[in-house]
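Notes follow the structure.
Read the numbers this way: they start at 1 and go in the same order the structure lists the ligands and their atoms. In what follows, residues are counted from 1 in the order of the sequence shown.
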Amino acid sequence: MVSCVIKGELLTTKEAQRRHQYYDELALQGRFSSALLVVREHLPSGKACLRLNIDATRIGNIARFVNHSCDGGNLSTKLVRSSGALFPRLCFFASKDIPVDEELTFSYGEIRKRSKGLPCFCNSPSCVGTLPSEDT
Ligand SMILES: C[S@@+](CC[C@H](N)C(=O)[O-])C[C@H]1O[C@@H](n2cnc3c(N)ncnc32)[C@H](O)[C@@H]1O
């Protein structure tokens with residue numbers, strides 16, 4: 001079973017929005033790969049109750065290299081709480097048996113609000129052509 005904590009800078013939402021815009025501009029110019037993740041936790045009612053903005057673009061760990069796959073990939077994410085910790089940690093777990101040498105991937109999310117999103121190259125049969133993104 002793969003398990004790995006996603007590490008990065010914890011940002012305010014305002015700073016995450018600023019960086020999102022900046023990273024998108026750089027990405028559209030080509031050859032820039034950001035790793036800014038917005039994690040939302042929802043109540044059973046569907047209402048969002050927690051938002052974490054984790055930016056592993058400049059400071060992070062190996063988890064920042066996991067790419068997106070439109071078919072959901074072979075990893076799932078879970079928020080893990082430890083006693084005494086202020087925030088939960090986002091962890092990867094294997095969602096199936098993963099053969100040696102298979103790329104590790106997960107779904108960055110379902111939201112595709114921008115008409116001109118970045119192109120997706122996941123090559124899965126269910127690929128929709130653009131990476132998940134949103135105006136956060
Ligand atoms: C968390 S990083 C993943 C690691 C990144 N590929 C790298 O080499 O640094 C996220 C960035 O990788 C790229 N990326 C991830 N999955 C992709 C996909 N399926 N198609 C195209 N680009 C992808 C995008 O630039 C995205 O902003």
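- Remark: side-chain polar atoms of T57 are paired, donor with acceptor, to backbone N or O of A35 under 3.5 angstrom.
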Below 3.5 Å, can you tabulate the donor-acceptor pairs from side chains in residues 84-102 to any protein atom, sequence neighbours excluded?
| unit_1 | atom_1 | unit_2 | atom_2 | d |
| --- | --- | --- | --- | --- |
| R89 | NH2 | S82 | OG | 3.1 |
| S95 | OG | N74 | O | 3.0 |
| E102 | OE2 | N74 | ND2 | 2.8 |

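- Looking only at distances, no side-chain donor or acceptor of R40 sits under 3.5 Å from a matching main-chain atom of A48.
- When atom types are taken as modelled, the side chain of N53 and the backbone of E15 share no donor-acceptor pair closer than 3.5 angstrom.
- Within 6.0 Å of atom CD1 in I62, 12 or fewer heavy atoms from other residues, nucleotides or ligands are found, so the atom counts as exposed in its surroundings.
- We find the CG-OG distance between D55 and S34 to be 7.5 Å, quoted to the nearest 0.5 Å.
- Under 4.0 Å from any atom of ligand 1, one finds heavy atoms of residues S33, S34, A35, R64, F65, V66, N67, H68, Y108, P119, C120, F121, C122, L131.
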